[in-house]
Number of protein chains: 2
Amino acid sequence: MTSRTISDFYRKHRQELLYGVSLALLLFVLRWLELRFLVLDHLIEIYVGAIALLFTGLGIWLAHKLTTPKVETRIVERAVYVAAGDEFTVNEPERLRLGISHRELEVLQLVAEGLSNQAIGERLFVSLNTVKTHSSRIFEKLEVRNRTQAVERARRLGLIG
Amino acid sequence: MTSRTISDFYRKHRQELLYGVSLALLLFVLRWLELRFLVLDHLIEIYVGAIALLFTGLGIWLAHKLTTPKVETRIVERAVYVAAGDEFTVNEPERLRLGISHRELEVLQLVAEGLSNQAIGERLFVSLNTVKTHSSRIFEKLEVRNRTQAVERARRLGLIG
DNA sequence: TGTAAAATCACCCGAAAGTATGACTCGAAA
DNA sequence: TTTCGAGTCATACTTTCGGGTGATTTTACA
């Protein structure tokens, strides 16, 4: 396991780690409070109150972290295209004729959406290298040299919508 | 105070009332649990655990109620009329709206044909750098990050055939 | 159940694309 | 005359693509 992998792991699981550490700390504080107040058992109400407060806070914090990771107002401008109504179906015979696999077609569709290889890999849960292999094969089969031409050609052949 | 006023009051302060009632109920349960378990003081941990759980839940619920209405997504839909016929004419209003110059459109068309920047430069008798400048401006104006997305978008907007 | 095709991933390398910034020319408009 | 947009070009840099090669694992099917 390299340091790259470790930092990747940290990045990906930062939140979970934070929660874990926070919970551990809380339990520690709990224990301390317990030992502190248990001897004076008429202070049990204060103790319980503190616990209640503490955990209400924890709940709020948790919910906040979990439900509002981005409190930004998104303005999505969506263009509605008239006269582009018909549904698309893949030209299956053409796909078979060119020997393009399902996975390759899938990659091709994402390429057509303008995604980078990296982004495609993340979308399909495969590595960058795999995406590159797929796209290279696609280019070969479509007899083109780059993704833009591939999209152009695939459109004309009815492989993508 | 009429019944109308009362129902108005209820509508306006429904949330606050709910909170109040809930809190009262909680305190009641608390009290009950206290009496229940205090005699068996080795069950204090269970008691405290229950309290903790309860109030964590309360916190989450509170936070949820308080923060969810703040998420706001505005979707601006805009109709774009694309020529449905076979012959293509540039959607001039759209070009002007986006502030895309004629030269830029020319470059965009060649990009759509799948030419490399180098090839576009040779076709238009300008340097590679000039083509890059143009295409960068195009990307900005179309709000995209690469040529594939640019072609995709330009096609939909009726800027290219 | 064995085999071929498909899918996955890695590493290297050079080319192409894209970003950022600045500068120069030219013609039209203020 | 000044100003401004469009077009041109450059330098420097980072990122992404695409080609080549080889390998392992999964899946499909005969």
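Model, not experiment: these values are computed from the prediction. Proteins come first, then strands; the chains are lettered A, B, ... in the order of their sequence lines, and each starts at number 1.
Within the structure, salt bridge (Lys or Arg N to Asp or Glu O under 4.0 Å) contacts touching residues 96-107 of chain A (residues at least two apart or in different chains) are E94(A)-R97(A), R103(A)-E106(A), E104(A)-K141(A). Screening residues 113-135 of chain B for salt bridge (Lys or Arg N to Asp or Glu O under 4.0 Å), with sequence neighbours left out, gives no hits. Residue pairs meeting the salt bridge (Lys or Arg N to Asp or Glu O under 4.0 Å) criterion with at least one partner in residues 142-158 of chain A, sequence neighbours excluded, are E152(A)-R156(A), E152(A)-R155(B), R155(A)-E152(B).
Listed by residue number, there are no residues of residues 120-131 of chain A with a heavy-atom contact under 4.0 Å to DNA chain D. Contacts between residues 98-114 of chain A and DNA chain D, counted as heavy-atom distances below 4.0 Å, involve no residue at all. Taking every heavy atom of residues 134-156 of chain A and every atom of DNA chain D, pairs under 4.0 Å involve S136(A), F139(A), R145(A), N146(A), R147(A), by number.
A donor-acceptor pair under 3.5 Å is absent between the side-chain atoms of N146(A) and the main chain of S116(B), judged by distance alone. No side-chain donor-acceptor contact under 3.5 Å links Q149(B) to the backbone of V144(B).
Between L142(B) and A150(B), the shortest heavy-atom contact is CD1-O, 3.7 Å. What you find for A112(A) and I160(A) is that their closest heavy atoms are CB-CD1, 3.5 Å.
Transitive grouping of hydrophobic side chains (ILVMFWY, heavy atoms separated by less than 4.5 Å) brings F88(A) and L110(A) into a common cluster. Criterion: ILVMFWY side-chain heavy atoms under 4.5 Å apart, direct or through other members. Under it, L115(B) and L128(B) are not part of a common hydrophobic cluster.
Applying the side chain to side chain donor-acceptor pair (under 3.5 Å) rule to T133(A) yields no partners; only residues at least two apart in sequence or on another chain are considered. Evaluation of the side chain to side chain donor-acceptor pair (under 3.5 Å) rule for E140(A) yields no partner, not counting sequence neighbours. Listed by chain and residue number, T130(A) satisfy the side chain to side chain donor-acceptor pair (under 3.5 Å) test with S127(A) (two or more places apart in sequence, or in another chain).
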### Message
Quick one, L157(A) with N91(A), criterion side-chain contact (heavy atoms from CB on, under 4.5 Å). Give me CA distance, side-chain angles, the key distance, then yes/no.
### Response
CA-CA 7 Å; L157(A) 295 176; N91(A) 186 344; 5.7 Å; no

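Here the CG-CD distance, from L105(B) to E92(B), works out to 8.0 Å after rounding to the nearest 0.5 Å. With values rounded to the nearest 0.5 angstrom, L108(B) atom CG is found 11.5 Å from R95(B) atom CZ.
Think of the region where chain A sits on DNA chain D: with heavy atoms and a 4.0 Å cut, that region ends 5' and 3' at dC17(D) to dG19(D).
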## Note on the structure
A correct 5'-to-3' footprint of nucleotides 25-30 of chain C, with B, S and - meaning base, sugar-phosphate only and no protein heavy atom under 4.0 Å, is ------

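The one candidate from V107(B), I120(B), V131(B) that meets the side-chain contact (heavy atoms from CB on, under 4.5 Å) condition with V126(B) is V131(B).
A rotation axis mapping the C1' atoms of four pairs onto the next four is fitted at both ends of the helix from dT1(C)-dA30(D) to dA30(C)-dT1(D) over five pairs, and the angle between these axes is 50° to 10 degrees.
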